[in-house]
Each structure stands twice: as structure tokens, then as C-alpha cells.
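Here is the naming used below: chain letters follow the sequence lines, and residue numbers restart at 1 for every chain.
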Number of protein chains: 2
Amino acid sequence: MAVTIYDVAREANVSMATVSRVVNGNQNVKPATRKKVLECIERLGYRPNAVARGLASKKTTTVGVIVPDISKSYYAELSRGIADVATMYEYNIILSNSDKRATREVELLEDHLGKQVDGLIFMSDSLSDEIRSEMATANVPIVLAGTLGADTDLPTVNIDHEEAAYEAVKKLIDNGHERIVHVSGPMSRDINRLCKKVGYERAVKEAGLPLFEEFFIETDNTYDDAYEKWSVIRELKEKPTAIFAGNDEIAVGVLNGIRDDGFSVPDDYEVICFQHTLLSRAVRPQLTAIIVPLYDLGAVSMRLLTKLMNGEEVDDVNVILPYHKEDRQSTK
Amino acid sequence: MAVTIYDVAREANVSMATVSRVVNGNQNVKPATRKKVLECIERLGYRPNAVARGLASKKTTTVGVIVPDISKSYYAELSRGIADVATMYEYNIILSNSDKRATREVELLEDHLGKQVDGLIFMSDSLSDEIRSEMATANVPIVLAGTLGADTDLPTVNIDHEEAAYEAVKKLIDNGHERIVHVSGPMSRDINRLCKKVGYERAVKEAGLPLFEEFFIETDNTYDDAYEKWSVIRELKEKPTAIFAGNDEIAVGVLNGIRDDGFSVPDDYEVICFQHTLLSRAVRPQLTAIIVPLYDLGAVSMRLLTKLMNGEEVDDVNVILPYHKEDRQSTK
DNA sequence: CATCAGTATGTATTCGCTTTCTTTCATTAT
DNA sequence: ATAATGAAAGAAAGCGAATACATACTGATG
């Protein structure tokens, strides 16, 4: 049987309230008493039961993190940012994978709330109606990390993907390209449909270039699918000269397609993408990319959440973090 | 204020015990009563408080996962395996990063035990004495995933790294190489010092080849460090003709070093490594590699843990999973 | 119709801690 | 010396569920 606060109290000849005070750093304890209690705690190997504490105090010092897939480095990196700030503020993290399935997301949200998390960080592509209403009834703060949701009143932390996409495509246009293919992730995702694609189109239109429907190539966001899609790109009516990829995994798929087919980057095709992983730097040629500050997205989200959990006033709950572009060898 | 089991009981005109029975699927409830209670639960939006439940039942349906760094795809992949099986058995996961710091590991273990996890999965390189004794006093099962520890009585799930390393190096030897460099991760890690290096040496010795001390190159396990180390390798007295790398990130670092220096793989150097990520396949030439079944390591660890938590008999608590070698373009 | 065996439901306790409310006691000011 | 003040410590009431135990109800049986 585990040692309880009663055992310590008996051993130290004080009441459990006093032990509780010592454990929680309450100042109203005589130094001598504190010392005595501390010794007993040490001697008995007492370890406070966080569950009992949680029930009594209605705080669990635990936050929920619902992530599409932790095995994807995008989310793994982001989660690390969350975790580090959580540690800093002494929170634990309950981590669950949703695979972006709306029903699963709702289940997990319910589940986490049932576990009495003090707050929650949610990541996904788009917010289903069910999840929205579920979130609305939650009685703890929820932050959307790297997830569109400014239309709700939920706090969010993001980068300006549309502007970043615009800047990336603009770069290719400035390099003289007039026919740029956009190899995208699934259109079902808001971030692709409402941000990256929009930025791409804005840059193309603004430059007075024609917008070919066939230049829009959708993938399932995997390396292998992108690799396959090269065979589609090479058969296009209009011959493109540059590629704007939704992320580096896609970009590398296309890049390898291009090169395995005997073409050269950046001579035959220039390539630019969003960077989520080491891949951009590890391939040859290294990819020019928009660097997404994943770790920071997570860290800032968690920091925001701590403020919210603390009831602190937050002036702007829709945070936009800066990104930057790094020119490497896949563009000239 | 949240809806409690009392509220439901009052609303449904039954005792809280009955509500509890309904919620927990106890069969001794008249169907009509069950229906009535279920309706009230729905109507009031009652959601059982897992903390209270945990206190009363002494089970939290939560397991702790202590991982060095979730942002590393090695651990991210492994964790996903854990998470999926955890979901299957309806466990939540508390995930913490240790950065392999022994003191932090002990803290986290304490912390998780305080949170009353029903079991724990631990990953690290080596087990410090403190963590060993801490684990010995834990009153819940602990499984070491991808972590050496068969010398303790703790359950483990692993692959045979030594044999895998042996097989990899053997392949290079069979291809005619006599001077093979081993680019390793830090020697402080048991897995490098006691497994991979040992397998390397065994293969070399067994083939009657000389074992050059300078052929052993230690890195900090990062791409960048490995990339730098190429300049060391090229200056070696004895000129190597093949590389055995501890993992694919290292391998790609060396690979890029080789190629940026104007040499060719596999013509000038053959390369083989352990595969942890997509990197092995995404670079050109693709890397011949030992495929480590990371997801399975996690999944099997969690499955083992569920058995242990259930008090089931487990015949062998030291599980060794199979790996396989995939021949690609970095070897002939 | 009384009896017994289930079945269905209720009552009361317990889990280990926080927290409020008291009470006790030591200081200080008057 | 005494009242006022505040620090130190204790007593007791929850927190929201699970659960052991008690009790009421239901039929089937003889």
C-alpha cells in the first residue's frame, strides 16, 4: 500500500493539514515543523497522489494535446515545443493521435475533458461542426496550434501561410518563370485550399500570368504519391518550368521524379517549398524553402494556453508568427 | 459547475450507484432503468470525472511514456506504435521528454508515478543506477522499449542490434571491401558501444580483416556533425572504401560529404546504415539499410505492458523483434 | 402460500488530498 | 497585566466517483 499524507502526519505527529501545507509550500508552518515533516516524507518515501490532489483542488496540472499524427515530423516538432513550455510551467501532457478523423477528434476531446485536463491544444486541418460545438461547451481553454480557426473565437497560433506561399511563388516569378506548377497536399485541408493555393493564385494573377487549371496537382501529402505525380507533370499540355510544393516531403518526391527522369534542378526546373523537416537540407540540391517555425508554433501555443489557464488577460488571441525564406540550390 | 453523477441520479430518480452501474456497463440494471438513466446522461451532458473515478478505483487508464525527444522521428514513430495500441486498450498516454538526462529521467519517473499511471514505457540509451533503483520501487509495470536492459529484470522490447550491425558489415565485406569505416553515434550510448560497434568488430574480425582504430568515427548523431566528419574520413591514413553508419541521418551526412566532395556512391564508396526515417529512401542514391521496425517496437511494448498491467502471465518479458535488410543503390 | 434464489436498487463508506473554518498560542501594544 | 493581532496548527467538510453491503423486489418451486 502506498504511503499517504496520513502516514506522514502520524509519523511526524502533526495533522494532515500541516503536511499538506509543507508539501504545497504554504508559509504558515514553523521552520522546525517543516523540517520534521520533510524528514518524515523523505523517510517514508511519501509521494503525493496527484489524482487525489486533482479531485480536491480541481486542477490536474495536465493539458491535453490532440495531434493528427505524432509520427509526422511536422507534428513531432510542434509537440516538442509544446512539451518544453509545458515542462517549464510544470504541466504534464496527455498526447493523442486523431488521424484527422472528425469523429475521432470529437471522441478525443470528450475523453480529454473527462480526464479533467486544465487546458487543451488542438491541431488539425479544418474544424468540423461537431468539434466546434464540442469545443464551445468545454470549460477549459483550448488553443489551436498551426490550425486555422480565426473564424471561431478560439485562440490560434499560426504563420501566414497565404503570404508565405505568395512570397515563394513570387520568387519563382521574379526568376522569370511563367508556368509554375503547384503540387499541393489534399484540398480537403483548409490550409491547402484557403491559404497556400490562394497565395499561389494571387502571385500568379498579380504578375498577369495565366492560371492553368492543370497546373494544380493534388497529392495525398506523401513522398511516394508526389514521386508518382511527376509522371503527370511531365505530360502536361503547357510545359511548366518551376514547381511550388506544399511541403518538403512532396517537393523531394517531385525532385526525385525529375532527377530519376534525367532532368536537372534547378536548370530544367526550379523548386521551392515549405520546409517541415530535415529533408530540405539533406537532399541534393538542397531545397529553397519557406522555413516554418514549428517548434515555436508549439511553444507559443503552450505559453498562450498557460496564460489562458491562469485567467490572465491576453490582448490578441490570434497570434501570427514570422517565417522566413531560405534560398538554397533548388532555385537560382 | 460540471454535471456530476449525483445530478444524473436525481434527474433519473435513482441512486448514484445505479448511475454508476449504467456508466460502467454493469448487467444488473433493468433495461427500462438503464434507458432512463442513459437519457438523463445525454440530456444533462454528463461526462464521468476520470479523476474521481481514478481515486475511487485506483486505476487511471493512463500510462506514462518517457521518451528522449519526441521531435526525433525515431521516437515519434515508436511512440505512434505505443499510442495506437494504447488506444486499442483504452489507455491514455502521458508523454514526457527526458533528453536522456539521467536526473530528468528520475524526475519524470517520479512525476509519472505520482500521477498514478497504471504502467510506464521507458526509452533511453542506458539506465543510470538511480533510475534502476527508482524503477525497482515502482509499484506498476514498466517496459523498456528499444532500450537495453535485459540485465535488469525489467521487460524489454528490442531488435538484435548487434546481429543487424554484423549483417550490414558482412554485406560490405562480401562485396569485397576490406577497409570499412564505422560512423557511429555517441559511445556513451549502450546501443552504440555494446551493440552496433560490437557487431561491426565481430564481422571485421571474423573475416580476418585488420581492425583499424581510426576507422571508428564518433558523431553526436546529427546530420551536420556527420557531414563535417567526412573531412576526417577523407584524411585517414588507411583509405576506406565503404561506410557503415549508425543511422540514416548520419549516413546522409556522410553521403552528402562524399558527394559534395566530388566522389560517388556506390562507385567510390559503398554505404550501409540503420534506417530510422524516410531519409534513406528520399536521398539519391537511396541507401541500403537495416530497416528497424520502430512502429512495431512501440506497439509490441505497449501490448506487453497491457498484459503486465492485467496481471497476465508473460512467458518471455525480453522480446526481440525481427528486422530486415533492404538492398538499395548505395551498395552494389 | 411460504421459501428461496436471483435480480435490481439503495445506503454508506472510502479513496487521498485541498481548503475553509476554528482554535491555540505567542507577540506586541496599551 | 490585558486586549488585540497574527502566526501556527488542527478539525472537518468536501471533491466525484466506485463498491461493499444491505435491502427490496421478482419469480419459480414445492
A/Ala17 side-chain proximity, nearest of C/dG10, D/dG10, D/dA18: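 Given the options C/dG10, D/dG10, D/dA18, the side chain of A/Ala17 is closest to D/dG10.
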Selection from D/dA12, D/dA9, D/dG16 that lies nearest to any side-chain heavy atom of A/Met16: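 Of the candidates, D/dA12 comes closest.
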B/Ala83 versus B/Ile93, closest heavy-atom pair with distance: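 So the minimum-distance heavy-atom pair works out to CA-CD1, 3.5 Å.
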Distance-minimising heavy-atom pair for B/Tyr74 and B/Leu294: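 Scanning both residues, the minimum pair turns out to be CE1-CD2, 3.3 Å.
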Using whole Å, report how far [atom1] of [X] lies from [atom2] of [N].
X       : N      : atom1 : atom2 : result
B/Asp7  : D/dC15 : CG    : P     : 11 Å
B/Gln27 : D/dT19 : CD    : P     : 16 Å
A/Asn24 : C/dT18 : CG    : P     : 4 Å
A/Lys30 : D/dG6  : NZ    : P     : 19 Å
A/Arg21 : D/dG10 : CZ    : P     : 8 Å
A/Arg53 : C/dC15 : CZ    : P     : 19 Å
A/Ile5  : C/dC17 : CD1   : P     : 5 Å
B/Asn28 : C/dT7  : CG    : C1'   : 6 Å

side-chain N/O [X] vs [N] OP1/OP2, d < 4.0 Å:
X       : N      : answer
A/Thr18 : D/dG10 : yes
A/Tyr46 : C/dC17 : yes
B/Asn49 : D/dC15 : no
B/Lys58 : C/dG16 : yes
B/Ser15 : C/dG10 : yes
A/Ser57 : C/dT19 : no
A/Ser20 : C/dC17 : no

Over 12 foreign heavy atoms within 6.0 Å of CD, A/Glu42: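 No.
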Heavy atoms from other residues, nucleotides or ligands near NZ of B/Lys72 exceed 12 (cutoff 6.0 Å):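 Check fails, neighbour count at 12 or below.
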Sugar-phosphate only, base, or nothing, as touched by B/Val51 at under 4.0 Å among non-hydrogen atoms: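 Since no nucleic acid heavy atom lies under 4.0 Å of B/Val51, the category is nothing.
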Earlier contact from the 5' end, DNA chain D, for A/Tyr6 and A/Arg34: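 With A/Arg34 and A/Tyr6 compared, the 5'-side residue is A/Arg34.
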Side-chain H-bond candidate by donor/acceptor type, A/Asp84 with A/Tyr295, under 3.5 Å: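 There is such a pair (donor and acceptor under 3.5 Å, judged by atom type) between the side chains of A/Asp84 and A/Tyr295.
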